[in-house]
Participant: 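Supplied in C-alpha coordinates, the structure appears directly below.
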Protein chains: 2
Amino acid sequence: MPLYRQVSDALAERISCGGLVPGDRLPSEAELGAEFGVNRLTVRQAISELVRSGKLRVRQGVGTFVASAVPPIDIDVATLTVEAATARTTSAFSAHGWTVREQLLGRDEQDDPEARAQLDDPTGPLHRVRTLTVANGEPWILSSYWLPAELAGAVAEPSDGDVFAAVTHSNGLQLRYAWRSFSAAAATADDAQRLHVPVGSPLLIREGLNRDQDGRPVVYVHRRARADRARFVLRHEPD
Amino acid sequence: MPLYRQVSDALAERISCGGLVPGDRLPSEAELGAEFGVNRLTVRQAISELVRSGKLRVRQGVGTFVASAVPPIDIDVATLTVEAATARTTSAFSAHGWTVREQLLGRDEQDDPEARAQLDDPTGPLHRVRTLTVANGEPWILSSYWLPAELAGAVAEPSDGDVFAAVTHSNGLQLRYAWRSFSAAAATADDAQRLHVPVGSPLLIREGLNRDQDGRPVVYVHRRARADRARFVLRHEPD
DNA sequence: GAGTGGTCTAGACCACTAG
DNA sequence: TAGTGGTCTAGACCACTCT
(Lines give C-alpha, C1' and ligand atoms only; values in the text may rest on other atoms or scores of the structure.)
Protein backbone atom coordinates (compact mmCIF):
# COMPACT_ATOMS: atom_id res chain seq x y z
CA MET A 1 0.00 0.00 0.00
CA PRO A 2 1.46 3.37 -0.98
CA LEU A 3 2.67 5.73 1.72
CA TYR A 4 0.14 8.47 0.96
CA ARG A 5 -2.70 5.97 1.40
CA GLN A 6 -1.27 4.87 4.75
CA VAL A 7 -1.06 8.49 5.90
CA SER A 8 -4.55 9.18 4.59
CA ASP A 9 -5.97 6.16 6.40
CA ALA A 10 -4.17 7.11 9.62
CA LEU A 11 -5.63 10.61 9.53
CA ALA A 12 -9.10 9.31 8.66
CA GLU A 13 -8.83 6.93 11.61
CA ARG A 14 -8.02 9.77 13.99
CA ILE A 15 -11.07 11.65 12.76
CA SER A 16 -13.52 8.76 12.92
CA CYS A 17 -12.28 7.57 16.31
CA GLY A 18 -12.56 10.94 17.98
CA GLY A 19 -8.86 11.69 18.24
CA LEU A 20 -9.62 14.69 16.05
CA VAL A 21 -13.00 16.38 16.29
CA PRO A 22 -14.65 18.85 13.88
CA GLY A 23 -12.96 22.22 14.02
CA ASP A 24 -9.63 20.85 15.22
CA ARG A 25 -6.54 22.02 13.40
CA LEU A 26 -4.20 19.35 12.11
CA PRO A 27 -0.45 19.67 12.59
CA SER A 28 1.16 21.53 9.69
CA GLU A 29 2.12 19.58 6.58
CA ALA A 30 5.79 19.79 7.56
CA GLU A 31 5.04 18.46 11.04
CA LEU A 32 2.95 15.60 9.67
CA GLY A 33 5.76 14.77 7.27
CA ALA A 34 8.21 14.57 10.15
CA GLU A 35 5.78 12.52 12.24
CA PHE A 36 5.13 9.92 9.54
CA GLY A 37 8.66 10.07 8.18
CA VAL A 38 7.55 11.05 4.68
CA ASN A 39 8.00 13.97 2.35
CA ARG A 40 5.69 16.95 2.53
CA LEU A 41 4.34 16.17 -0.95
CA THR A 42 3.29 12.73 0.23
CA VAL A 43 1.42 14.34 3.11
CA ARG A 44 -0.27 16.71 0.69
CA GLN A 45 -1.40 13.83 -1.51
CA ALA A 46 -2.94 12.15 1.54
CA ILE A 47 -4.65 15.35 2.65
CA SER A 48 -6.03 16.16 -0.80
CA GLU A 49 -8.00 12.90 -0.85
CA LEU A 50 -9.55 13.68 2.52
CA VAL A 51 -10.40 17.19 1.37
CA ARG A 52 -12.22 15.95 -1.72
CA SER A 53 -14.20 13.48 0.36
CA GLY A 54 -15.25 16.32 2.66
CA LYS A 55 -13.46 15.14 5.80
CA LEU A 56 -10.92 17.97 5.90
CA ARG A 57 -10.97 21.60 4.94
CA VAL A 58 -7.86 23.61 4.03
CA ARG A 59 -7.38 27.36 4.50
CA GLN A 60 -4.28 28.76 2.87
CA GLY A 61 -2.02 30.56 5.27
CA VAL A 62 -3.97 29.26 8.26
CA GLY A 63 -4.00 25.48 8.40
CA THR A 64 -5.90 22.26 7.76
CA PHE A 65 -9.02 21.62 9.81
CA VAL A 66 -11.40 18.76 10.45
CA ALA A 67 -14.62 19.56 8.62
CA SER A 68 -17.78 19.94 10.65
CA ALA A 69 -20.02 16.94 10.07
CA VAL A 70 -23.16 18.82 9.07
CA PRO A 71 -25.61 16.28 7.65
CA PRO A 72 -26.88 17.33 4.24
CA ILE A 73 -30.24 19.08 3.99
CA ASP A 74 -33.02 16.93 2.57
CA ILE A 75 -34.81 18.66 -0.26
CA ASP A 76 -38.14 17.13 -1.19
CA VAL A 77 -38.68 16.55 -4.92
CA ALA A 78 -42.12 14.95 -4.91
CA THR A 79 -43.75 18.29 -5.68
CA LEU A 80 -45.15 19.14 -9.08
CA THR A 81 -45.42 22.92 -9.10
CA VAL A 82 -42.55 25.34 -8.80
CA GLU A 83 -44.24 27.27 -6.00
CA ALA A 84 -44.56 24.11 -3.92
CA ALA A 85 -40.94 23.13 -4.58
CA THR A 86 -39.68 26.54 -3.52
CA ALA A 87 -41.80 26.44 -0.38
CA ARG A 88 -40.54 22.96 0.53
CA THR A 89 -36.93 23.94 0.03
CA THR A 90 -37.28 27.07 2.13
CA SER A 91 -38.94 25.14 4.91
CA ALA A 92 -36.25 22.44 4.81
CA PHE A 93 -33.66 25.11 5.58
CA SER A 94 -35.71 26.98 8.16
CA ALA A 95 -36.32 23.70 9.99
CA HIS A 96 -32.59 23.82 10.79
CA GLY A 97 -32.82 27.45 11.79
CA TRP A 98 -31.07 28.60 8.62
CA THR A 99 -31.99 31.52 6.47
CA VAL A 100 -31.80 30.84 2.76
CA ARG A 101 -31.45 33.30 -0.10
CA GLU A 102 -31.16 32.89 -3.85
CA GLN A 103 -28.74 35.49 -5.12
CA LEU A 104 -28.78 36.63 -8.75
CA LEU A 105 -25.36 36.18 -10.35
CA GLY A 106 -26.25 37.52 -13.77
CA ARG A 107 -27.98 36.82 -17.04
CA ASP A 108 -26.65 36.48 -20.57
CA GLU A 109 -27.45 35.07 -23.98
CA GLN A 110 -25.35 31.96 -23.43
CA ASP A 111 -27.13 29.29 -25.43
CA ASP A 112 -27.02 25.56 -24.74
CA PRO A 113 -27.91 22.79 -27.18
CA GLU A 114 -29.44 20.60 -24.47
CA ALA A 115 -31.59 23.45 -23.16
CA ARG A 116 -32.63 24.49 -26.66
CA ALA A 117 -33.67 20.97 -27.55
CA GLN A 118 -35.63 20.53 -24.33
CA LEU A 119 -37.47 23.79 -24.95
CA ASP A 120 -38.67 22.48 -28.33
CA ASP A 121 -36.13 24.53 -30.27
CA PRO A 122 -37.70 28.01 -30.00
CA THR A 123 -37.04 30.52 -32.78
CA GLY A 124 -35.97 33.42 -30.54
CA PRO A 125 -32.79 33.67 -28.49
CA LEU A 126 -32.45 31.91 -25.15
CA HIS A 127 -31.29 33.70 -22.04
CA ARG A 128 -29.42 32.06 -19.22
CA VAL A 129 -29.99 33.28 -15.67
CA ARG A 130 -27.47 32.19 -13.06
CA THR A 131 -28.09 32.20 -9.33
CA LEU A 132 -26.37 31.09 -6.16
CA THR A 133 -28.39 29.75 -3.27
CA VAL A 134 -26.79 30.86 -0.02
CA ALA A 135 -27.71 29.65 3.45
CA ASN A 136 -26.21 31.33 6.49
CA GLY A 137 -23.65 33.04 4.30
CA GLU A 138 -22.40 29.72 2.89
CA PRO A 139 -22.90 28.74 -0.78
CA TRP A 140 -25.04 25.66 -1.38
CA ILE A 141 -26.41 25.48 -4.91
CA LEU A 142 -25.34 27.01 -8.22
CA SER A 143 -28.22 27.19 -10.67
CA SER A 144 -28.65 28.05 -14.34
CA TYR A 145 -32.05 28.67 -15.86
CA TRP A 146 -32.55 28.81 -19.61
CA LEU A 147 -35.69 30.55 -20.82
CA PRO A 148 -36.93 32.59 -23.79
CA ALA A 149 -35.53 36.11 -23.87
CA GLU A 150 -38.97 37.73 -23.58
CA LEU A 151 -39.49 36.06 -20.19
CA ALA A 152 -35.99 36.56 -18.83
CA GLY A 153 -36.51 40.32 -18.58
CA ALA A 154 -38.92 39.83 -15.69
CA VAL A 155 -36.31 37.99 -13.59
CA ALA A 156 -35.53 40.08 -10.54
CA GLU A 157 -33.28 39.99 -7.53
CA PRO A 158 -35.38 37.99 -5.13
CA SER A 159 -36.34 39.16 -1.69
CA ASP A 160 -37.88 35.89 -0.55
CA GLY A 161 -35.66 33.33 -2.22
CA ASP A 162 -37.81 32.94 -5.31
CA VAL A 163 -36.18 34.26 -8.47
CA PHE A 164 -39.17 33.37 -10.63
CA ALA A 165 -41.96 34.90 -8.65
CA ALA A 166 -41.86 37.95 -10.91
CA VAL A 167 -41.72 35.84 -14.07
CA THR A 168 -44.69 33.72 -13.18
CA HIS A 169 -46.79 36.56 -11.78
CA SER A 170 -46.17 39.14 -14.50
CA ASN A 171 -46.86 36.63 -17.26
CA GLY A 172 -49.74 34.79 -15.67
CA LEU A 173 -47.81 31.54 -15.83
CA GLN A 174 -48.14 28.56 -13.58
CA LEU A 175 -45.04 26.40 -13.89
CA ARG A 176 -44.96 22.70 -13.15
CA TYR A 177 -42.28 20.08 -13.61
CA ALA A 178 -42.27 17.78 -16.60
CA TRP A 179 -39.29 15.80 -15.39
CA ARG A 180 -36.23 16.04 -13.15
CA SER A 181 -32.97 14.14 -13.32
CA PHE A 182 -30.23 13.47 -10.78
CA SER A 183 -26.59 12.95 -11.61
CA ALA A 184 -23.15 13.74 -10.23
CA ALA A 185 -20.01 15.41 -11.55
CA ALA A 186 -16.66 16.74 -10.45
CA ALA A 187 -16.46 20.44 -9.62
CA THR A 188 -14.97 22.55 -12.40
CA ALA A 189 -12.77 25.55 -11.69
CA ASP A 190 -15.82 27.82 -11.89
CA ASP A 191 -17.89 25.58 -9.61
CA ALA A 192 -15.01 25.48 -7.17
CA GLN A 193 -14.75 29.23 -6.98
CA ARG A 194 -18.49 29.82 -6.60
CA LEU A 195 -19.21 27.00 -4.16
CA HIS A 196 -16.02 27.23 -2.08
CA VAL A 197 -14.95 23.66 -2.72
CA PRO A 198 -11.75 22.31 -4.27
CA VAL A 199 -11.70 21.45 -7.96
CA GLY A 200 -12.79 17.86 -8.45
CA SER A 201 -15.09 17.67 -5.44
CA PRO A 202 -18.27 15.72 -6.07
CA LEU A 203 -21.32 17.78 -6.94
CA LEU A 204 -24.91 16.63 -7.05
CA ILE A 205 -26.61 17.78 -10.24
CA ARG A 206 -30.31 18.18 -10.74
CA GLU A 207 -31.72 19.10 -14.11
CA GLY A 208 -35.34 19.63 -14.96
CA LEU A 209 -37.88 21.00 -17.35
CA ASN A 210 -40.81 23.22 -16.41
CA ARG A 211 -43.94 23.59 -18.51
CA ASP A 212 -46.61 26.25 -18.25
CA GLN A 213 -50.31 25.46 -17.76
CA ASP A 214 -50.70 24.89 -21.51
CA GLY A 215 -47.98 22.26 -21.64
CA ARG A 216 -45.42 24.47 -23.34
CA PRO A 217 -41.84 23.98 -22.13
CA VAL A 218 -40.76 27.29 -20.61
CA VAL A 219 -37.76 26.88 -18.34
CA TYR A 220 -34.88 24.41 -18.38
CA VAL A 221 -33.11 24.29 -15.02
CA HIS A 222 -29.63 23.01 -14.19
CA ARG A 223 -28.56 22.99 -10.54
CA ARG A 224 -25.20 22.06 -9.10
CA ALA A 225 -25.27 21.41 -5.35
CA ARG A 226 -22.43 20.79 -2.93
CA ALA A 227 -22.63 17.07 -2.21
CA ASP A 228 -21.88 17.63 1.47
CA ARG A 229 -24.68 20.14 1.85
CA ALA A 230 -27.72 18.89 0.00
CA ARG A 231 -29.56 15.66 -0.71
CA PHE A 232 -32.72 15.19 -2.76
CA VAL A 233 -35.45 13.00 -1.36
CA LEU A 234 -38.40 11.44 -3.11
CA ARG A 235 -41.13 10.34 -0.70
CA HIS A 236 -43.64 7.85 -2.09
CA GLU A 237 -45.93 7.90 0.91
CA PRO A 238 -47.32 10.50 3.32
CA ASP A 239 -45.33 11.04 6.51
CA MET B 1 -3.02 31.10 -13.26
CA PRO B 2 -0.90 28.13 -12.17
CA LEU B 3 0.93 26.12 -14.79
CA TYR B 4 -0.98 22.88 -14.17
CA ARG B 5 -4.25 24.71 -14.79
CA GLN B 6 -2.91 26.12 -18.06
CA VAL B 7 -1.85 22.65 -19.16
CA SER B 8 -5.17 21.20 -18.05
CA ASP B 9 -7.11 23.86 -19.96
CA ALA B 10 -4.97 23.35 -23.05
CA LEU B 11 -5.64 19.62 -23.04
CA ALA B 12 -9.36 20.12 -22.38
CA GLU B 13 -9.43 22.52 -25.32
CA ARG B 14 -7.88 19.94 -27.61
CA ILE B 15 -10.52 17.45 -26.56
CA SER B 16 -13.53 19.74 -26.89
CA CYS B 17 -12.36 21.18 -30.22
CA GLY B 18 -11.81 17.84 -31.86
CA GLY B 19 -8.02 17.92 -31.91
CA LEU B 20 -8.25 14.81 -29.77
CA VAL B 21 -11.16 12.43 -30.16
CA PRO B 22 -12.40 9.63 -27.88
CA GLY B 23 -10.01 6.71 -27.91
CA ASP B 24 -6.98 8.79 -28.91
CA ARG B 25 -3.83 8.30 -26.89
CA LEU B 26 -2.21 11.41 -25.48
CA PRO B 27 1.54 11.89 -25.75
CA SER B 28 3.35 10.39 -22.74
CA GLU B 29 3.67 12.48 -19.60
CA ALA B 30 7.34 13.08 -20.35
CA GLU B 31 6.55 14.24 -23.88
CA LEU B 32 3.81 16.58 -22.65
CA GLY B 33 6.22 17.98 -20.09
CA ALA B 34 8.74 18.72 -22.83
CA GLU B 35 6.06 20.20 -25.07
CA PHE B 36 4.71 22.59 -22.42
CA GLY B 37 8.11 23.18 -20.86
CA VAL B 38 7.03 21.97 -17.42
CA ASN B 39 7.95 19.19 -15.07
CA ARG B 40 6.35 15.80 -15.36
CA LEU B 41 4.67 16.24 -11.96
CA THR B 42 2.97 19.37 -13.24
CA VAL B 43 1.66 17.43 -16.20
CA ARG B 44 0.39 14.74 -13.86
CA GLN B 45 -1.46 17.30 -11.76
CA ALA B 46 -3.14 18.62 -14.90
CA ILE B 47 -4.06 15.14 -16.08
CA SER B 48 -5.44 14.02 -12.72
CA GLU B 49 -8.06 16.77 -12.81
CA LEU B 50 -9.20 15.70 -16.26
CA VAL B 51 -9.34 12.08 -15.15
CA ARG B 52 -11.56 12.86 -12.17
CA SER B 53 -13.90 14.86 -14.38
CA GLY B 54 -14.17 11.88 -16.72
CA LYS B 55 -12.50 13.46 -19.76
CA LEU B 56 -9.41 11.25 -19.69
CA ARG B 57 -8.71 7.69 -18.72
CA VAL B 58 -5.33 6.38 -17.62
CA ARG B 59 -4.03 2.84 -18.05
CA GLN B 60 -0.81 2.12 -16.24
CA GLY B 61 1.93 0.85 -18.48
CA VAL B 62 -0.08 1.73 -21.57
CA GLY B 63 -0.92 5.42 -21.74
CA THR B 64 -3.49 8.16 -21.23
CA PHE B 65 -6.55 8.14 -23.45
CA VAL B 66 -9.44 10.42 -24.26
CA ALA B 67 -12.51 8.91 -22.62
CA SER B 68 -15.34 7.83 -24.84
CA ALA B 69 -18.24 10.22 -24.46
CA VAL B 70 -20.90 7.66 -23.63
CA PRO B 71 -23.93 9.55 -22.36
CA PRO B 72 -25.12 8.20 -19.02
CA ILE B 73 -27.98 5.71 -18.97
CA ASP B 74 -31.27 7.18 -17.75
CA ILE B 75 -32.80 5.05 -15.01
CA ASP B 76 -36.43 5.80 -14.32
CA VAL B 77 -37.31 6.21 -10.64
CA ALA B 78 -41.00 7.00 -10.89
CA THR B 79 -41.89 3.36 -10.23
CA LEU B 80 -43.28 2.18 -6.92
CA THR B 81 -42.68 -1.56 -6.90
CA VAL B 82 -39.33 -3.28 -6.99
CA GLU B 83 -40.36 -5.51 -9.88
CA ALA B 84 -41.25 -2.48 -12.00
CA ALA B 85 -38.02 -0.71 -11.10
CA THR B 86 -35.93 -3.75 -12.06
CA ALA B 87 -37.82 -4.11 -15.32
CA ARG B 88 -37.34 -0.43 -16.18
CA THR B 89 -33.63 -0.57 -15.43
CA THR B 90 -33.12 -3.68 -17.52
CA SER B 91 -35.00 -2.16 -20.43
CA ALA B 92 -33.00 1.07 -20.16
CA PHE B 93 -29.84 -0.93 -20.73
CA SER B 94 -31.23 -3.19 -23.43
CA ALA B 95 -32.46 -0.11 -25.33
CA HIS B 96 -28.77 0.63 -25.87
CA GLY B 97 -28.10 -2.96 -26.83
CA TRP B 98 -26.32 -3.71 -23.58
CA THR B 99 -26.71 -6.79 -21.48
CA VAL B 100 -26.90 -6.09 -17.77
CA ARG B 101 -26.17 -8.44 -14.89
CA GLU B 102 -26.24 -8.01 -11.13
CA GLN B 103 -23.38 -9.98 -9.68
CA LEU B 104 -23.40 -11.14 -6.06
CA LEU B 105 -20.28 -9.96 -4.24
CA GLY B 106 -21.07 -11.50 -0.87
CA ARG B 107 -23.14 -11.25 2.27
CA ASP B 108 -22.14 -10.64 5.87
CA GLU B 109 -23.49 -9.48 9.23
CA GLN B 110 -22.12 -5.96 8.80
CA ASP B 111 -24.58 -3.79 10.67
CA ASP B 112 -25.27 -0.14 9.96
CA PRO B 113 -26.93 2.34 12.31
CA GLU B 114 -28.73 4.16 9.50
CA ALA B 115 -30.08 0.92 8.06
CA ARG B 116 -31.10 -0.38 11.47
CA ALA B 117 -32.97 2.81 12.30
CA GLN B 118 -34.75 2.82 8.94
CA LEU B 119 -35.85 -0.79 9.44
CA ASP B 120 -37.53 0.19 12.74
CA ASP B 121 -34.72 -1.26 14.86
CA PRO B 122 -35.43 -4.99 14.49
CA THR B 123 -34.40 -7.31 17.32
CA GLY B 124 -32.58 -9.87 15.18
CA PRO B 125 -29.29 -9.39 13.33
CA LEU B 126 -29.13 -7.56 10.01
CA HIS B 127 -27.40 -9.00 7.01
CA ARG B 128 -25.77 -6.97 4.32
CA VAL B 129 -25.79 -8.24 0.74
CA ARG B 130 -23.42 -6.56 -1.70
CA THR B 131 -23.77 -6.67 -5.46
CA LEU B 132 -22.14 -5.18 -8.50
CA THR B 133 -24.23 -4.32 -11.54
CA VAL B 134 -22.22 -5.00 -14.67
CA ALA B 135 -23.17 -4.01 -18.20
CA ASN B 136 -21.13 -5.27 -21.13
CA GLY B 137 -18.39 -6.35 -18.75
CA GLU B 138 -18.02 -2.86 -17.27
CA PRO B 139 -18.96 -2.07 -13.67
CA TRP B 140 -21.79 0.44 -13.22
CA ILE B 141 -23.38 0.28 -9.79
CA LEU B 142 -22.19 -1.00 -6.41
CA SER B 143 -25.13 -1.85 -4.16
CA SER B 144 -25.59 -2.81 -0.52
CA TYR B 145 -28.86 -4.20 0.77
CA TRP B 146 -29.57 -4.49 4.48
CA LEU B 147 -32.30 -6.91 5.48
CA PRO B 148 -33.25 -9.22 8.37
CA ALA B 149 -31.09 -12.34 8.56
CA GLU B 150 -34.05 -14.69 8.03
CA LEU B 151 -34.70 -13.13 4.63
CA ALA B 152 -31.09 -12.81 3.52
CA GLY B 153 -30.76 -16.59 3.26
CA ALA B 154 -32.99 -16.62 0.20
CA VAL B 155 -30.74 -14.23 -1.72
CA ALA B 156 -29.29 -16.06 -4.70
CA GLU B 157 -26.93 -15.43 -7.55
CA PRO B 158 -29.27 -13.95 -10.12
CA SER B 159 -29.70 -15.33 -13.59
CA ASP B 160 -31.90 -12.50 -14.84
CA GLY B 161 -30.43 -9.50 -13.05
CA ASP B 162 -32.79 -9.62 -10.09
CA VAL B 163 -31.10 -10.53 -6.82
CA PHE B 164 -34.32 -10.37 -4.87
CA ALA B 165 -36.57 -12.46 -7.04
CA ALA B 166 -35.97 -15.44 -4.75
CA VAL B 167 -36.51 -13.38 -1.60
CA THR B 168 -39.82 -11.98 -2.72
CA HIS B 169 -41.11 -15.20 -4.25
CA SER B 170 -40.14 -17.59 -1.47
CA ASN B 171 -41.56 -15.32 1.21
CA GLY B 172 -44.66 -14.15 -0.60
CA LEU B 173 -43.53 -10.56 -0.33
CA GLN B 174 -44.37 -7.70 -2.61
CA LEU B 175 -41.85 -4.92 -2.08
CA ARG B 176 -42.56 -1.29 -2.84
CA TYR B 177 -40.59 1.88 -2.21
CA ALA B 178 -41.30 4.11 0.76
CA TRP B 179 -38.76 6.73 -0.27
CA ARG B 180 -35.58 7.19 -2.30
CA SER B 181 -32.85 9.78 -1.93
CA PHE B 182 -30.17 11.09 -4.26
CA SER B 183 -26.79 12.41 -3.20
CA ALA B 184 -23.18 12.42 -4.35
CA ALA B 185 -19.84 11.50 -2.82
CA ALA B 186 -16.21 10.97 -3.71
CA ALA B 187 -15.14 7.41 -4.49
CA THR B 188 -13.39 5.67 -1.60
CA ALA B 189 -10.53 3.25 -2.16
CA ASP B 190 -13.00 0.35 -2.12
CA ASP B 191 -15.38 2.08 -4.55
CA ALA B 192 -12.44 2.84 -6.81
CA GLN B 193 -11.31 -0.76 -6.96
CA ARG B 194 -14.80 -2.17 -7.56
CA LEU B 195 -15.99 0.43 -10.07
CA HIS B 196 -12.70 0.93 -11.94
CA VAL B 197 -12.52 4.67 -11.26
CA PRO B 198 -9.80 6.69 -9.53
CA VAL B 199 -10.17 7.50 -5.85
CA GLY B 200 -12.07 10.76 -5.44
CA SER B 201 -14.17 10.46 -8.59
CA PRO B 202 -17.74 11.63 -8.17
CA LEU B 203 -20.28 8.92 -7.50
CA LEU B 204 -24.05 9.22 -7.62
CA ILE B 205 -25.64 7.69 -4.54
CA ARG B 206 -29.18 6.47 -4.27
CA GLU B 207 -30.57 5.22 -1.00
CA GLY B 208 -34.03 3.88 -0.41
CA LEU B 209 -36.36 1.94 1.82
CA ASN B 210 -38.63 -0.88 0.69
CA ARG B 211 -41.73 -1.96 2.58
CA ASP B 212 -43.72 -5.16 2.16
CA GLN B 213 -47.45 -5.22 1.41
CA ASP B 214 -48.23 -4.78 5.13
CA GLY B 215 -46.18 -1.60 5.43
CA ARG B 216 -43.30 -3.18 7.32
CA PRO B 217 -39.84 -1.91 6.34
CA VAL B 218 -37.95 -4.88 4.92
CA VAL B 219 -34.97 -3.77 2.86
CA TYR B 220 -32.74 -0.72 3.06
CA VAL B 221 -30.81 -0.16 -0.17
CA HIS B 222 -27.66 1.88 -0.77
CA ARG B 223 -26.39 2.19 -4.33
CA ARG B 224 -23.23 3.87 -5.56
CA ALA B 225 -23.22 4.51 -9.31
CA ARG B 226 -20.45 5.78 -11.55
CA ALA B 227 -21.42 9.36 -12.30
CA ASP B 228 -20.35 9.02 -15.93
CA ARG B 229 -22.48 5.94 -16.45
CA ALA B 230 -25.84 6.46 -14.82
CA ARG B 231 -28.42 9.18 -14.27
CA PHE B 232 -31.70 8.90 -12.42
CA VAL B 233 -34.75 10.42 -14.01
CA LEU B 234 -38.08 11.27 -12.46
CA ARG B 235 -40.81 11.74 -15.06
CA HIS B 236 -43.90 13.57 -13.89
CA GLU B 237 -45.90 13.02 -17.04
CA PRO B 238 -46.50 10.21 -19.53
CA ASP B 239 -44.23 10.14 -22.58
C1' DG C 1 13.48 -5.10 -22.97
C1' DA C 2 11.42 -0.74 -23.77
C1' DG C 3 8.07 2.41 -22.66
C1' DT C 4 4.31 3.74 -19.88
C1' DG C 5 2.27 5.55 -15.66
C1' DG C 6 2.70 5.35 -10.06
C1' DT C 7 5.20 6.76 -6.14
C1' DC C 8 8.52 9.28 -3.46
C1' DT C 9 12.23 12.47 -2.21
C1' DA C 10 14.79 17.02 -1.32
C1' DG C 11 14.71 21.49 -2.04
C1' DA C 12 13.00 25.88 -3.51
C1' DC C 13 10.07 29.93 -3.99
C1' DC C 14 5.54 32.10 -3.73
C1' DA C 15 0.82 33.66 -1.79
C1' DC C 16 -1.81 34.10 1.97
C1' DT C 17 -3.06 34.93 6.96
C1' DA C 18 -2.40 36.26 11.49
C1' DG C 19 -0.42 38.77 15.35
C1' DT D 1 7.43 38.89 10.59
C1' DA D 2 6.63 34.12 11.11
C1' DG D 3 4.10 30.32 9.82
C1' DT D 4 0.89 28.25 6.82
C1' DG D 5 -0.52 26.06 2.54
C1' DG D 6 0.19 26.42 -3.03
C1' DT D 7 3.19 25.58 -6.76
C1' DC D 8 7.12 23.85 -9.22
C1' DT D 9 11.51 21.52 -10.25
C1' DA D 10 15.00 17.61 -10.99
C1' DG D 11 15.84 13.23 -10.23
C1' DA D 12 15.04 8.58 -8.82
C1' DC D 13 13.03 3.99 -8.50
C1' DC D 14 9.11 0.91 -9.02
C1' DA D 15 4.96 -1.59 -11.20
C1' DC D 16 2.69 -2.53 -15.11
C1' DT D 17 1.84 -3.70 -20.14
C1' DC D 18 3.08 -4.88 -24.52
C1' DT D 19 6.06 -6.98 -28.02
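Naming convention: chains lettered A, B, ... in sequence-line order (proteins, then strands); numbering from 1 in each chain. Worth knowing before you read on, the calculation uses all heavy atoms, side chains too, and leaves out hydrogens, waters and symmetry mates. Here the structure is a predicted model, which means the values were calculated and not measured.
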Participant: List in numerical order all residues of residues 49-62 of chain A for which some heavy atom is under 4.0 Å away from an atom belonging to DNA chain C.
Facilitator: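 Heavy-atom contacts with DNA chain C come from A:Arg59, A:Gln60, A:Gly61, A:Val62.
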
Participant: What's the CD-C1' distance between A:Gln45 and C:dG5, to the nearest Å?
Facilitator: 13 Å

Participant: Rounded to the Å, how far apart are A:Arg25 CZ and D:dG5 P?
Facilitator: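 One finds 6 Å between P of D:dG5 and CZ of A:Arg25, rounded.
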
Participant: Categorize A:Gly37 for me: base, sugar-phosphate, or nothing, with a 4.0 angstrom heavy-atom threshold over every strand shown.
Facilitator: sugar-phosphate

Participant: Grab the CZ-P distance between B:Arg44 and C:dT4 for me, whole Å please.
Facilitator: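 Distance check: B:Arg44 CZ to C:dT4 P gives 14 Å.
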
Participant: Contact between B:Thr99 and B:Asn136 at the side-chain level, heavy atoms closer than 4.5 Å - yes or no?
Facilitator: yes

Participant: Report yes if at least one side-chain N or O of B:Tyr4 is closer than 4.0 Å to OP1 or OP2 of D:dC8; otherwise report no.
Facilitator: no

Participant: Could you check how far CD of B:Glu31 sits from C1' of C:dA2, rounded to whole Å?
Facilitator: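 Taking atom C1' of C:dA2 as the reference, CD of B:Glu31 is at 13 Å.
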
Participant: Can you check the B:Glu29 CD to C:dG6 C1' distance for me, whole Å?
Facilitator: 8 Å

Participant: Could you walk me through whether A:Asp24 and A:Arg14 pass salt bridge (charged side-chain N to carboxylate O under 4.0 Å, His left out), step by step?
Facilitator: CA-CA 11 Å; A:Asp24 278 0; A:Arg14 289 186 198 175; over 6 Å; no

Participant: Both distances below 3.5 Å, Watson-Crick or wobble geometry, any strand: find the nucleotide opposite C:dG19.
Facilitator: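 Pairing partner, where one exists within any strand: none, as none qualifies.
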
Participant: Without decimals, in angstroms, what is the distance between B:Asn39 CG and D:dA12 P?
Facilitator: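 That distance rounds to 13 Å.
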
Participant: Tell me the interatomic distance from A:Phe65, atom CZ, to D:dG3, atom C1', rounded to whole angstroms.
Facilitator: 12 Å

Participant: Please state how far atom CG in B:Leu41 lies from atom C1' in C:dC8, giving the value in whole angstrom units.
Facilitator: 9 Å

Participant: What class does the angle between the rings of A:Trp98 and A:Trp140 fall in, given that below 30° is parallel, 30 to 60° is tilted and above 60° is perpendicular?
Facilitator: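 Judged by the thresholds at 30° and 60°, the geometry between A:Trp98 and A:Trp140 is tilted.
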
Participant: Got a donor-acceptor pair under 3.5 Å from the side chain of A:Arg40 to the base of C:dG11?
Facilitator: no

Participant: Does B:Thr64 place a side-chain N or O at less than 4.0 Å from the phosphate oxygens OP1/OP2 of C:dT4?
Facilitator: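 No, because none of the side-chain N or O atoms of B:Thr64 sits under 4.0 Å from OP1 or OP2 of C:dT4.
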
Participant: Decide salt bridge (charged side-chain N to carboxylate O under 4.0 Å, His left out) for A:Asp190 and A:Arg224; before the verdict, give the C-alpha distance in whole Å, the side-chain angles of both, and the deciding distance to 0.1 Å.
Facilitator: CA-CA 11 Å; A:Asp190 183 64; A:Arg224 306 170 78 78; over 6 Å; no

Participant: Could you go step by step and tell me if A:Tyr145 and A:Arg223 meet the side chain to side chain donor-acceptor pair (under 3.5 Å) rule?
Facilitator: CA-CA 9 Å; A:Tyr145 305 82; A:Arg223 300 191 197 276; 2.9 Å; yes

Participant: Under 30°, 30 to 60°, or over 60°: which ring-plane class applies to A:Phe182 and A:Phe232, parallel, tilted or perpendicular?
Facilitator: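 Because their plane-to-plane angle lies in the 30° to 60° range, the rings of A:Phe182 and A:Phe232 count as tilted.
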
Participant: Under 4.0 Å between a side-chain N or O of B:Thr42 and OP1 or OP2 of D:dT9?
Facilitator: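 Yes.
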
Participant: Apply the side chain to side chain contact (heavy atoms under 4.5 Å, CB included) test between B:Leu26 and each candidate in B:Val43, B:Leu11, B:Leu50; give the one that qualifies.
Facilitator: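 That would be B:Leu11.
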
